[in-house]
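Below: the structure, in structure tokens.
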Number of protein chains: 2
Amino acid sequence: MADNKEPSPAGEAWGLIVGLFFSSRPRFFQLAQEFDLAPMQLRALKELQPDREVPMSALASVLFCDASNVTGIVDRLEARGLIERRPSAEDRRVKMLRVTPEGERVRAQLVERMSEPPPAIAALSAADQRQLRDLLRKAQAAADAAAEPALSAR
Amino acid sequence: MADNKEPSPAGEAWGLIVGLFFSSRPRFFQLAQEFDLAPMQLRALKELQPDREVPMSALASVLFCDASNVTGIVDRLEARGLIERRPSAEDRRVKMLRVTPEGERVRAQLVERMSEPPPAIAALSAADQRQLRDLLRKAQAAADAAAEPALSAR
DNA sequence: TATTGTTATACTCTATAACTATA
DNA sequence: TATAGTTATAGAGTATAACAATA
């Protein structure tokens, strides 16, 4: 299953993360089925904070996909009554997205279920779990620090 | 962007892993585009060891998807001349998959590129990278240990 | 002119169900 | 009867390009 190469620690760690993610795919698909929502609809609903409105473009940004794509995803969530489009007050080209009360209810369950760690992580000792979390926090902080100057520079 | 909840270390670690994975999505799609292969084709080619033949069902298993799905993915890879189907000697229902020399060439580049860690991990110190790798190895070992008895028990 | 979101188009991924050929 | 793979079908995700409304 593994290649006969000697990867760097970072490379191996990344490989393990990818493997961890993919092995949890069936669980994710099953979750989507339970909620009767397609995978990307699940993720979109998770990203939308119940207490604030965001433009479609912001959703496209956090989902890392094209705006034309978001139109369809939002269409389906809106047809289900979980979110709604509202015209923006400042810019009439923009449409703001808002989670409906029903959507808020579904989303709460969803977020709860999606945050359950997979068996591999759950099996670690409490000390190892904290250490893993701390390292990942550090990694994210490093990535954020590297990304922000580029944004504020333009 | 974050919910106002206090997740467990394991839950937070899992959330960070998912975030890490999704933020590397554009990189992955760009890679697929460079190789002119669709995402799942990329993953399938990566999973197929150049030096051994595996049945279609084994590929379906590692990709965590349905056999009917694999038919299409294999069709497209075979049309590109990267892999080929061969009849199994033992069971004539089974078709074995084999990477072609051209596929082997492409796959080597692919594996090289896919194992490059994302910026967040690359930014960690060497010591932190090793620690992260060790924790993830431990997690995987724990998951494997938990999974195997269940298989041998039935 | 530039930007936001939509529509049209085309391709891939996804599963279910029905099918063929083997076992 | 059961299994490996295919085909048919239908829905969803994906990007590109052309478009309308607005800035």
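In what follows, chains carry the letters A, B, and so on, assigned in the order in which the sequence lines appear, proteins first and then strands, with residues in each chain numbered from 1.
Counting any heavy atom pair closer than 4.0 Å across all strands shown, R43(A) reaches no nucleic acid atom. Across all strands, S68(B) comes closer than 4.0 Å to base atoms (heavy-atom distances). When heavy atoms are screened at a 4.0 angstrom cut-off, S57(A) is found touching the sugar-phosphate backbone but no base atom. Within the 4.0 angstrom heavy-atom criterion, base atoms lie near D66(A).
By the 4.0 Å N-to-carboxylate-O rule, R113(B) lies close enough to E34(B) to be salt-bridged with it.
Cation-pi geometry between R43(B) and F28(B) is not met at under 6.0 angstrom from the ring centre and within 45 degrees of the axis.
Within residues 25-34 of chain B, the residues that have a heavy atom under 4.0 Å from DNA chain D are, in order of number, R25(B), F29(B).
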Inset, instruction - Would you check, one step at a time, whether the test side chain to side chain contact (heavy atoms under 4.5 Å, CB included) holds for R98(B) with T100(B)? - result: CA-CA 6 Å; R98(B) 181 199 209 89; T100(B) 64; over 6 Å; no
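Relative orientation of the F21(B) and F21(A) rings is parallel, given thresholds of 30° and 60° on the angle between their planes.
Among dG5(C), dA2(C), dA15(C), the nucleotide with an atom closest to any side-chain atom of R93(A) is dA2(C).
Atom-to-atom distance recorded for M40(A):CE and L63(A):CG is 4.5 Å, nearest 0.5 angstrom.
Nucleotides of DNA chain D that come within less than 4.0 Å of any heavy atom of chain B span, from the 5' end to the 3' end, dA2(D) to dT14(D).
Within 6.0 Å of the CD atom in E102(A), the count of heavy atoms belonging to other residues, nucleotides or ligands exceeds 12. Heavy-atom contacts from other residues, nucleotides or ligands closer than 6.0 Å to CD of Q109(B) number more than 12.
Between A67(A) and P55(B), it is P55(B) whose nearest contact on DNA chain D lies nearer the 5' terminus.
Residue M96(B) is found in a hydrophobic cluster whose other members, listed by chain and number, are V94(B); membership requires side-chain heavy atoms under 4.5 Å apart, directly or through intermediates.
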